[in-house]
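Encoded as structure tokens, the structure appears first; notes follow it.
Labels below follow one simple rule: chain letters A, B, ... track the order of the sequence lines, proteins then strands, and each chain is numbered from 1.
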Amino acid sequence: MARQSLEPRPERYDPQAIEPRWRRAWAEQGLYRVDLHDHTRPKYYFLTMYPYPSGDLHVGHWYAEAPADAAARYRRMRGYNVLFPMGFDAFGLPAENAAIRAAREGESVHPATLTYDRIARMEAQFDQMGAMFDWSKKIVTCDPGYYRWNQWLFVKMVERGLAYRKESYVNWDPVDQTVLANEQVIDGRGDRSGALVERRLMPQWHFRITAYADELLDFSGLEWPEKVKTMQTNWIGRSEGAEVVFRTEGGDPIPVFTTRPDTLWGATFVVLAPEHPLVARVTTDAQRAEVTAYVAAAEAKSEIDRQAEGREKTGVFTGGYAVNPVNGELVPIWIADYVLMTYGTGSIMAVPAHDERDLAFARAFGLQVRVVVQPSGAELDGATLAEAYTGDGVMVNSGRFDGTPTGKGEAGADGIARVIEWLEAEGLGERKVTYRLRDWLISRQRYWGTPIPMLYCDDCGLVPVPLEQLPVELPAEVAFMPTGQSPLTTFEPFLHTTCPDCGGAARRETDTMDTFMDSSWYWFRYLAPDKTDGPIDTAIAKRWTPVDLYTGGVEHAILHLLYARFFTKVLRDLGLIEHGEPFKTLYNQGMILGEDNEKMSKSRGNVVNPDELVRGYGADAVRTYLMFICPWDQGGPWNYQGIEGVSRFLNRVWSVVVEPPAGDPAAAVDEAVVKTLRRAVHTAIREVSDDLEGFRFNTAVAELMTLQNAMSKAKSAAIVLTPAWEEACRTLVTLLAPIAPHLAEELWQRLGHATSVHLERWPEADASALVRDEVRYAVQVNGKLRGEIEVSADAADEAIVTAAKAAPNVARHLEKGAIVREIVVPGKLVNLVVKPRG
RNA sequence: GCCGAGAUGGCGGAACGGUAGACGCAGUCGACUCAAAAUCGACCGGGGCAACCCGUGCGGGUUCGAAUCCCGCUCUCGGCACCA
């Protein structure tokens, strides 16, 4: 019969046992509850992009949140009062689509029920992560207590003229009977129905973001990735130029915008967008049939369709002519869909000699090409020109401006500036700035969003719902229709109300708001989630905002982040806050991919399930691996073998701290081993601090592995009795705390501490522990490594060089010639430059 | 087409202009075990017995010294794409 050893088996690292226990303890202690009024420590607002409650916490959520949590914990240990909140972006199409799908199958599912169920599930999954979220400040945007303030802000914006209603072209899905966002239209078809999307002109609510265009171009004081700033700048698309008024023969003005007023004399035709209001008036009877057909065809196409057809220029002559104001010439008026009604004035002057698109059009339809800018050293001819000339040169065929240089010469002396000056003096046009940015269309013909708080009264017209009557709540008892049409449009109790101004009958607006409205100001609400007398607690916001650090995926570079900046400026102008920028520092993490290096998706079958990983390895291992796998901003493929390695590391950390050492406790302690140990400890402090500061989690984990290796190597029954060993264990556990909070807490307790490791101060590296007595130098001859020497740390350069020359292999290489230069890099290497003899 | 970012062992990745490949994965060998797993130890860019030589996408350059800086390419990945 085999006899078991009488020694007690060392207790093993068991994350399943310790993790839930500590999470419960932290919750009971309120360890992560943030006192927003605590003025004893500097504040730090650490925000991550809140998720849509899809119902399942994806490993992508872990990748976004776990390293962020480590960075937030690090800041906290550094002495900051860190707010790290979490909430849910709870309105949106997927839940409503599920309700509509259910309706088609004769079942009944309400988006609210579905959403709150999913939120509950995701919260439980989030809890497993062991993050320091302060759930007491949670917000859920589909709560009336939240969206009420969307409505409040909307009304304030109506009062200021920042929200308005106008007709606008939208993507209309004829099968689902609803407007679709651009992102939902794929190759001209609705993403769910597969139906060809139509362009429809509908009255829609807009926010006047263009009023802030110039301010939005100013990023001063922001630490944002250049990439994001560039994307926003391009999206806003500021163009400087002039608006010049051409006229029809009948005298109707056709204002055109141009960035090249210096080429006005080369305008040989005018092009109107097919939707341009003047089209019908300028069209002659002879051309009418053709024009009408072209306009109808253009109208039927979505913008996506127009682009999908490539760059082939199409268009039709209207039969009408316009007068070029600078030279009185009559030029033909065409219509073409390459001119967009939504940009500039919806009409252009075409200068084919100096604009690529105009040249392509002119060549396609045999229109005149006239050169008005000649580059030096060439003689361009309009008849033979193969490529539009867009560079600088000298103005020709331009009347009084002949001989004027174009381009940036001396300030204000270039052709553009001089022509604009002259146009203004003559009353023919004026300086003008145009933006690509369009006003933000926020109407959605959907149920699951914030109801737009406006009323239509037969007598008073458009009337905002009085602030004290807010919120306009979404009626819960509606029935979802298989057609996909919003139930609000037919739900009588919602539709009918009375006008607050005249008391007569009024009808409610049935459009709801774009969900980007919710995310445009949500970070203020974390600071006062239950406030009932206003959207924002101005005093707390003054202290806590702007957000110090905002992390999230780069996919929100334009929409959300641009809207958030816009909104912050609006809130400032409403007097609710003082600053105009929401996020001081922005950091974009990368994306975690499937093992096959492809984006994770159910259809590919490469989805990694974090719940299973937590069951198998524990939350700390999942966290640590996600930090170790690659640089945070880079992202990369998941690897199941990789997490094994990290799990082994955590086990070794456990062993080195907890398990009894081997050897004789009475043996003499080797002072050199103690010194090496202390150096490893303090090097780790320095490196891990540095890495966490810069979000380099992968190298931070690597440094901790190095420290653990050094400790395992040094460990003996004698050394564990020294203060150096106690310091090493304490330091390892403290440095590990932000990364693997459960394991660190368990070990901390086992080291004999009564309070949480997460209340500890971050250690400081002791410079004296880093000092070496002996330093290893690499010895190079002519830049090639030839040997190594060890010298005392205080050796003078001469002594180092002498030692280098004497190194075994080095001397041989010195025989080839005379030393002409000796380079000593302190603490690193010696390079001896030898000039060969002869 | 335009604007970004990147390219380093079998793999993920480290490297203030200073010993390329830290740390981990995979692999090889060894210890423990009846055996296996787990664990521990050693090795681990290529060539060569060695001295050495070659090596950070490609071609040049600067430098005592270049993955790193400069010039010119190639490829990959993102974003924008008729914006007058």
Side-chain angles (χ1 to χ4, degrees), chain A residues 12 225-231 233-235 237-239 241 256-260 263 267 271 273 303 306-307 309-313 336-340 342-351 354-358 360-361 434-438 554-555 557-558 590-591 597 624-625 628-631 633-646 648-649 651-652 655 687 696 698-709 712-713 776-788 809 812-813 819-835:
Chain A
R12 300 212 30 198
E226 283 307 316
K227 178 185 170 127
V228 175
K229 291 194 278 189
T230 306
M231 282 169 77
T233 302
N234 292 342
W235 184 264
R238 186 178 201 272
S239 291
V256 301
F257 173 72
T258 177
T259 56
R260 292 293 304 273
T263 63
V271 188
E303 278 193 42
R306 284 190 184 183
Q307 284 163 18
E309 281 167 20
R311 304 282 156 90
E312 285 295 300
K313 291 286 180 290
D337 66 5
Y338 83 92
V339 176
L340 309 174
T342 47
Y343 183 78
T345 61
S347 46
I348 63 157
M349 65 162 191
V351 185
H354 306 293
D355 182 282
E356 235 175 277
R357 298 149 299 175
D358 296 347
F361 193 82
T434 296
Y435 303 90
R436 214 185 74 115
L437 181 71
R438 300 171 200 177
V554 75
E555 65 272 16
I558 295 176
M591 204 196 315
N597 211 10
T624 309
Y625 180 55
F628 184 61
I629 188 168
C630 52
D633 59 351
Q634 184 183 302
W638 177 265
N639 180 326
Y640 282 98
Q641 282 173 334
I643 195 172
E644 295 273 358
V646 164
R648 284 202 280 264
F649 159 64
N651 272 289
R652 283 194 295 263
S655 307
E687 298 297 318
R696 291 182 297 272
N698 58 330
T699 48
V701 174
E703 286 300 332
L704 288 171
M705 289 172 167
T706 305
L707 174 58
Q708 172 266 308
N709 284 335
S712 297
K713 205 166 171 179
R776 194 182 297 271
Y777 274 79
V779 182
Q780 294 182 337
V781 178
N782 288 341
K784 283 185 190 290
L785 184 67
R786 298 299 181 191
E788 266 186 357
N809 193 36
R812 220 160 43 79
H813 287 90
I819 295 176
V820 294
R821 214 172 145 183
E822 296 161 348
I823 294 148
V824 177
V825 182
K828 294 271 186 188
L829 63 69
V830 178
N831 188 12
L832 303 170
V833 184
V834 172
K835 197 179 170 194

- Task: For RNA chain B, list all stems, counting runs of three or more consecutive pairs where every pair is Watson-Crick or G-U wobble with both distances under 3.5 Å.
- Result: B:1-7 with B:74-80, B:10-12 with B:23-25, B:27-31 with B:39-43, B:45-47 with B:52-54, B:57-61 with B:69-73

- Specify the closest pair of heavy atoms between A:N782 and A:N831, including all atoms of both residues, with the distance to one decimal. N-OD1, 3.5 Å

- Query: Counting only heavy atoms not in A:Q634, do more than 12 fall under 6.0 Å of its CD?
  - Reply: yes

- Message: Please classify the glycosidic conformation of B:G27 as syn (within 90° of 0) or anti (everything else).
- Response: anti

- Message: Strictly distance-based, threshold 3.5 Å: is any side-chain N or O of A:Y625 a donor or acceptor partner for the main-chain N or O of A:N639?
- Response: yes

- Using whole Å, report how far CD of A:Q641 lies from P of B:G27. 7 Å

- Query: Given atom NZ of A:K227 and atom C1' of B:G79, what is their separation to the nearest angstrom?
  - Reply: 6 Å

Give one of base, sugar-phosphate or nothing for [X], where a contact means two heavy atoms less than 4.0 Å apart.
{"X": "A:N651", "result": "nothing"}
{"X": "A:G344", "result": "nothing"}
{"X": "A:S239", "result": "sugar-phosphate"}
{"X": "A:R238", "result": "nothing"}

- Message: Do A:V351 and A:R260 have side chains that approach each other closer than 4.5 Å (heavy atoms only, starting at C-beta)?
- Response: no

- Message: When you compare the side chain of A:N651 with that of A:R12, does any pair of heavy atoms fall below 4.5 Å?
- Response: yes

Expected rows: protein N/O vs nucleotides 49-55 of chain B N/O, under 3.5 Å:
from	atom 1	to	atom 2	distance (Å)
B:A51	O3'	A:R812	NH2	3.1
B:A51	O2'	A:R812	NH2	3.4
B:C52	OP1	A:N809	OD1	3.0
B:C52	OP1	A:N809	ND2	2.5
B:C52	OP1	A:R812	NH2	2.9
B:C53	OP1	A:R786	NH2	3.3
B:C53	OP2	A:R786	NH1	3.2

- Task: Ignoring backbone atoms, establish whether A:R821 has a side-chain N or O less than 4.0 Å from OP1 or OP2 of B:G65.
- Result: no

Write down the protein N/O and nucleotide N/O pairs, taken from nucleotides 11-17 of chain B, whose separation is under 3.5 Å; answer none if there are no such pairs.
from	atom 1	to	atom 2	distance (Å)
B:G12	O2'	A:I629	O	2.5
B:G13	OP1	A:Q634	NE2	2.3
B:G13	O3'	A:N698	ND2	3.3
B:A14	OP1	A:N698	ND2	3.0

- Query: Would A:L704 and A:F628 satisfy side chain to side chain contact (heavy atoms under 4.5 Å, CB included), going step by step from the backbone distance to the final call?
  - Reply: CA-CA 11 Å; A:L704 288 171; A:F628 184 61; over 6 Å; no

- Donor-acceptor pair under 3.5 Å, A:Q780 side chain vs B:U19 base: no

